Structure formats: C-alpha cells, structure tokens
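Quick caveat: nothing in here was measured; it's all calculated off a predicted structure. In what follows, chains are A, B, ... by sequence order, proteins preceding strands, each numbered from 1.
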Amino acid sequence: MPELPEVEHAARVAHDAVHGRVLQRIDALHPAIARDGAVDRAAALVGRRVVAVRRVAKWQEFAFDDGAVLVVHFRMTGDWAVHDDAATPRHGRLALGFADGRTLWLVDPRVLARIAYHAPGAVRRDVAAPDAHDPALTPAALRARFARRRVPIKLALLDQRLLAGLGNIYAAEALWHARIHPATPASRLSLARVTRLLEGIRWALGEALADPGRQQYGESLDRLAVYDREGAPCPRCGAPIRRIVQGARSTYYCGRCQRA
DNA sequence: TATGGCCTGTGG
DNA sequence: CCACAGGCCATA
C-alpha cells in the first residue's frame, strides 16, 4: 500500500486507532520483520503512550510521550488492520497491542515492510525530500533537483531523495499527463516541461488523495490512464499503451503523445 | 548508474 | 513452471 496518498490515509487510520493509548506489547510474527533488531529495541516502548501518528514522506512515525519514535515503512504490501479481539489476521507480521485489547496489526504479505526505533533524544539525520505535492515545491526548485541527473526521468521520479511520495504507478501517470517520454534524461527537461510535469504529479496524486480508500494492495487499478494498460488505447489519443522496463520495473506510456 | 536481493502471492 | 508485483537497499 505504497504511494503517498495511501500512506497518508494509513497514518490517519493508525492515529485514530491508537493515539492516547498506552502500548502493552510489540511482537514480531515473522522473522523478517524482526531481523534487524528494531523490534527488540522497540520493546522499550511498552508502557509508553502514543501522542500522535504522522506521515513523513512514505514513513509513518509514532511519537511517544517520552520522546521516543517508532517508524514504520510499508514498502510494497504493508497495511494496517485494527482489531479489538485476539484474532491474528492473515499475513499479520507485527502486533502493537494497546489497552482494552486493541491491536494495531501490520499486515504485509511479502514482509518487505521495515520498522525503526529511535530512543528518546536520539539524533536523527534522515532528512526527507519535499513532498511531491507540496505547494512550496516550485518548478524551478524541482528542475534544480533534476540538474546533473542523467537518469531517465521516470527513475528520477522514483528517487525519494529528490522528491518524496511518487511510486511506480503515479510516476507513470504523471509523465503521461505531462506528455513526457519516460526515458528522457532528467537533467534535459526544460523549465516548461518540468512545469508540466509538476502539474502532472499533482494531478496524479490529487486524484488519489481525493479517494483515499482505494488501492489497497491487489485492488482497483481502474481509472488509471496508462499503468498496467499495455496494448489498451491511450485515453487521450487512442494509440496503444506501451510497456518498457526501467530499473527492473515496468513503465507504461503512450508512444504517440509522450515524445522522446 | 545498473543490477540483484529481500519475501510471498498470484496469474498466465 | 515462469514472470511479475504500489519499494527500497546493498553491492559492484
């Protein structure tokens, strides 16, 4: 449940479910989620109260009343399930148990999700790039971030150090909207094209932010212009959508209206 | 800057 | 059986 709009929604779900509650247990249900030791370290959170859950880029940060922070990244298939009984959901990987029997489950079929624990007062130097849809991010600022980047623009859009929030779906959708070929070197985009791209990014994310419940993993991919639509007609010009591979991942685009 | 790896599941 | 999956990281 990976791109920014879905993470935004998930952080709200988590906040509503557990803020103000005291953590009673944190348990890993699969060795992969505990592999790096963060779950063990996070045991220090037991007995602490959750002040708030907020989204930072594609991370979700649980702020506790002693200043400690639990960070969760869903990667590809993570999601939350809120239970008020003892049931363990299918693919439940991490249990955050609270008073009154409420459990916030990290459900993650592929177990690619990661967590991190930051002790109270820990110095953090992980600086998030601006949100892709942040109104303060101007075309000129974005173009400056693309400068000296000779990678294809599609890959630059996925680079969370440049801007935060786009994933494989919305990167393709944004490029389609802006009529930019995905293989164009990022550094070669004119200011006019970056301006169009930023509009495309906000169009792609805006549609999703307005409809936050959708795109649970494996669910509706309809209403998308190009993603997963190889061979289907471009909604704008009718030419067949093409699929190429960039960075070992599929890119979908219209060969007619997205010029090289 | 490219590649493989992480994991499990699904669909062809 | 194989290819592929909404992400990211470690490694050459």
**OP:** Under the ring-ring contact (aromatic ring centres under 6.0 Å, His included) rule, collect the residues that match up with A:His30, sequence neighbours excluded.
**Re:**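 For A:His30, no residue satisfies ring-ring contact (aromatic ring centres under 6.0 Å, His included) once neighbours in sequence are set aside.
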Original post:
Looking at residues at least two apart in the chain, or sitting in another chain, which of them share a ring-ring contact (aromatic ring centres under 6.0 Å, His included) with A:Trp59?
Top reply: A:His73
Please pick, from [options], the nucleotide with the shortest atom-to-atom distance to any side-chain atom of [X].
{"X": "A:Ile169", "options": "B:dG9, C:dG6, B:dC6", "answer": "C:dG6"}
{"X": "A:Glu3", "options": "C:dA5, C:dG7, B:dT8", "answer": "C:dG7"}
{"X": "A:His73", "options": "B:dC6, C:dA5, C:dC8", "answer": "C:dC8"}
{"X": "A:Arg90", "options": "C:dC8, B:dT10, B:dT8", "answer": "B:dT10"}

Original post:
Considering only the P atoms, how many Å lie between C:dA3 and B:dG5, rounded to the nearest integer?
Top reply: 14 Å
Subject >> Separation between the C1' atoms of B:dG4 and C:dC4, rounded to whole Å >> reply: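 To the nearest whole Å, 15 Å.
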**OP:** Name the residue closer to the 5' end of DNA chain B, choosing between A:His91 and A:Val151 according to the nucleotide with the nearest heavy atom.
**Re:**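 It is A:Val151 whose nearest nucleotide is closer to the 5' end.
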I'd like a table of donor-acceptor pairs (distance under 3.5 Å, sequence neighbours excluded) in which one partner is a side-chain atom from residues 98-105 of chain A, with atom names and distances.
{"unit_1": "A:Arg102", "atom_1": "NE", "unit_2": "A:Asp84", "atom_2": "OD1", "d": "3.0"}
{"unit_1": "A:Arg102", "atom_1": "NH1", "unit_2": "A:Ala17", "atom_2": "O", "d": "2.9"}
{"unit_1": "A:Arg102", "atom_1": "NH2", "unit_2": "A:Asp84", "atom_2": "OD2", "d": "3.3"}
{"unit_1": "A:Trp105", "atom_1": "NE1", "unit_2": "A:Ala87", "atom_2": "O", "d": "3.4"}

Subject >> Counterpart residues, salt bridge (Lys or Arg N to Asp or Glu O under 4.0 Å), relative to A:Arg55 (two or more places apart) >> reply: A:Glu8, A:Asp131
Original post:
Would you say a side-chain N or O of A:Arg249 is under 4.0 Å from OP1 or OP2 of C:dG7?
Top reply: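 Yes, because at least one side-chain N or O of A:Arg249 sits under 4.0 Å from OP1 or OP2 of C:dG7.
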Original post:
Donor-acceptor pair, A:Glu173 side chain versus A:Ala225 backbone, under 3.5 Å?
Top reply: yes
**OP:** Any pair with a residue in residues 240-260 of chain A that passes side chain to side chain donor-acceptor pair (under 3.5 Å), sequence neighbours left out, goes on the list, sorted by first then second residue, please.
**Re:**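 Qualifying pairs: A:Lys154-A:Thr251, A:Arg243-A:Ser250, A:Gln246-A:Thr251.
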Original post:
Stems in DNA chain B: runs of 3 or more consecutive Watson-Crick or G-U pairs, distances under 3.5 Å?
Top reply: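 The stems are B:1-6 with C:7-12, B:8-12 with C:1-5.
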